[in-house]
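First the proteins, then the strands, lettered A, B, ... as listed; each starts at 1. Just so it is clear, the model here is predicted, and its values are computed rather than measured. Side chains included, hydrogens not; waters and symmetry mates left out as well; all remaining heavy atoms used.
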Amino acid sequence: DAGVIQSPRHEVTEMGQEVTLRCKPISGHNSLFWYRQTMMRGLELLIYFNNNVPIDDSGMPEDRFSAKMPNASFSTLKIQPSEPRDSAVYFCASSLPQGNGYTFGSGTRLTVV
Amino acid sequence: DAKTTQPTSMDCAEGRAANLPCNHSTISGNEYVYWYRQIHSQGPQYIIHGLKNNETNEMASLIITEDRKSSTLILPHATLRDTAVYYCIVSSYNNDMRFGAGTRLTVKP
């Protein structure tokens, strides 16, 4: 079991550019969560999916953020256009419907300059 | 509105038990208590969860008071590798988890 796989691990981009973060959940997990972590705001839940369907996106900060889950094994979080205040570590997590909590990926550290 | 209250930081001597408290006075009947920890910039790691009975696994024990308004996470023999931020979360079973500021535990030699 390779765990939750996120890519890239680090991303540096210029303001205004489009950024796409990727996540592969653990096989068999039917829920997927995107979080953002900053020193100022801590860990924030952005959006989560059950069975590939978005359930709650109230944490998505602005229309510049979008997330998709086209199938059970892949999800993307896109920021377009990116801004310096989007700099953060973005975590993806997945879980079983009757599982013991979430399994988190190693995160993507995004820096927007 | 925070559902849980935890001390900002705690210290513990290596080899001793670490007891991390959490208050959740507004917990609902169908909400579980979950504990996670985050070791320096890694992704959070699930530790344990419970509804009303005490729970134990290979990592820790969870003691929930009878009125369910508070709980304690116990690391029986803390090691330096247990230094981390520990989060207490109340949530419906495997529903979305909202993380607070947590308790920064420092295990000292």
Legend entry - Approximate separation, where rounding is to 0.5 Å, of F104(A) CZ and M97(B) CE: 8.5 Å

Legend entry - Shared hydrophobic cluster for W34(A) and V19(A) (ILVMFWY, side-chain gaps under 4.5 Å): yes

Inset, instruction - Enumerate by number any residue of residues 37-48 of chain B whose heavy atoms lie under 4.5 Å from heavy atoms of chain A; in the absence of such residues, state 'none'. - result: Q38(B), S41(B), Q42(B), G43(B), P44(B), Y46(B)

Legend entry - From CA spacing to verdict: ring-ring contact (aromatic ring centres under 6.0 Å, His included), Y34(B), Y102(A): CA-CA 10 Å; Y34(B) 288 84; Y102(A) 298 178; 7.6 Å; no

Inset, instruction - If you link ILVMFWY side chains whenever their heavy atoms are less than 4.5 Å apart, which other residues fall into the same cluster as I63(B)? By chain and number, please. - result: I74(B)

Inset, instruction - Look at atom CZ of R109(A) and say whether more than 12 heavy atoms of other residues, nucleotides or ligands are closer to it than 6.0 Å. - result: no

Inset, instruction - Side chain from CB out, backbone as N, CA, C, O: work out which of these in Q37(A) comes under 4.5 Å of a heavy atom of chain B, or both, or neither. - result: side chain

Legend entry - Verify same cluster id: Y90(A), L43(A) (apolar side-chain graph, 4.5 Å): no

Legend entry - Heavy-atom neighbours of D63(A) CG exceed 12 at 6.0 Å: no

Inset, instruction - Please check if I79(A) and L46(A) belong to a single hydrophobic cluster, counting links between Ile, Leu, Val, Met, Phe, Trp and Tyr side chain heavy atoms closer than 4.5 Å. - result: yes

Inset, instruction - Would you indicate whether the side-chain heavy atoms of L45(A) and F99(B) approach each other to under 4.5 Å? - result: no

Legend entry - ILVMFWY clustering at 4.5 Å (side-chain atoms), partners of M39(A): none

Legend entry - Residue pairs passing the ring pair (Phe, Tyr, Trp, His ring centres under 6.0 Å) test where at least one lies in residues 47-76 of chain A, sequence neighbours excluded: F33(A)-Y48(A)

Legend entry - Which atoms of D56(A) approach chain B - backbone, side chain, both or neither, heavy atom under 4.5 Å: side chain

